[in-house]
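Each remark here refers to the structure printed beneath this line.
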Amino acid sequence: MDKSIYAALERVIKNRNTVIYSRNEPEFVPILEDDNEMLYKNELITPIISEGDVIGAIVMLSADKKMGEVESKLAQTAAGFLGKKMEQ
């Protein structure tokens with residue numbers, strides 16, 4: 001999309017934890033610098049780690065439903081798979 005990610009998102013990714021936030025929570029992290037609050041209200045962010053380094057993240061967005069344990073495990077599985085593939 002040729003857009004920079006928000007600095008707060010970069011900090012969340014570097015912390016190496018999966019987070020789930022709604023827009024009304026103070027910890028909510030805008031994904032893009034020109035964030036449009038009409039596009040999504042809920043987010044899940046899971047870092048992708050390869051050879052001990054954070055190389056990106058799985059970001060899931062939802063306009064209406066807050067994500068939970070199922071979505072968290074799905075994102076962690078995808079991040080683990082991608083991290084292992086990048087090591088090969």
Side-chain angles (χ1 to χ4, degrees):
M1 293 176 61
D2 293 326
K3 296 182 183 180
S4 299
I5 63 171
Y6 197 63
L9 174 59
E10 194 170 341
R11 283 192 299 276
V12 167
I13 294 169
K14 287 182 179 179
N15 283 338
R16 300 173 178 238
N17 294 322
T18 297
V19 296
I20 300 172
Y21 298 132
S22 292
R23 191 171 286 275
N24 59 356
E25 295 177 73
E27 300 90 355
F28 184 83
V29 179
I31 302 301
L32 299 173
E33 287 182 351
D34 59 342
D35 183 58
N36 180 347
E37 66 182 63
M38 302 307 292
L39 293 177
Y40 62 96
K41 295 192 182 344
N42 303 287
E43 65 187 5
L44 180 146
I45 304 165
T46 300
I48 300 170
I49 300 171
S50 178
E51 296 181 350
D53 296 325
V54 177
I55 61 168
I58 302 290
V59 178
M60 298 173 72
L61 306 172
S62 171
D64 54 356
K65 180 181 175 252
K66 184 165 182 172
M67 288 166 263
E69 189 67 25
V70 172
E71 292 85 359
S72 177
K73 292 295 182 190
L74 176 65
Q76 289 173 10
T77 301
F81 174 79
L82 291 172
K84 294 270 188 233
K85 279 297 192 188
M86 295 303 292
E87 290 174 2
Q88 295 178 356

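Here the structure is a predicted model, which means the values were calculated and not measured.
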Report the distance from atom NZ of Lys84 to atom CD of Glu87, rounding to the nearest 0.5 Å.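 The CD atom of Glu87 is 5.0 Å from NZ of Lys84, to the nearest 0.5 Å.
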Kindly give the cluster partners of Leu74, where membership spreads through any ILVMFWY side chain lying under 4.5 Å from a current member.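 Other cluster members: Ile20, Leu44, Ile48, Ile55, Ile58, Met60, Met67, Phe81, Leu82, Met86.
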Taking [X] for its side chain and [Y] for its backbone only, find out whether a donor-acceptor pair lies under 3.5 Å.
X	Y	value
Glu27	Tyr21	no
Arg16	Pro47	no
Glu71	Gly68	yes
Thr77	Lys73	yes

Take atom NZ in Lys66; do more than 12 heavy atoms of anything else shown fall under 6.0 Å from it?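 It does: Lys66 NZ has more than 12 such atoms within range.
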Could you state whether Leu39 and Ile45 fall into the same hydrophobic cluster, counting links through intermediate Ile, Leu, Val, Met, Phe, Trp or Tyr residues with side-chain heavy atoms under 4.5 angstrom apart?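 In one cluster with Leu39: Ile45, yes.
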Closest approach of Glu43 and Leu61, non-hydrogen atoms and distance?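 Residues Glu43 and Leu61, closest heavy atoms: CB-CD2, 3.8 Å.
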side-chain hydrogen bond (donor to acceptor under 3.5 Å, both in side chains) partners of residues 46-61, not counting sequence neighbours, each pair once: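 As it turns out, the side-chain hydrogen bond (donor to acceptor under 3.5 Å, both in side chains) pairs with a partner in residues 46-61, which skip direct neighbours, are Thr18-Thr46.
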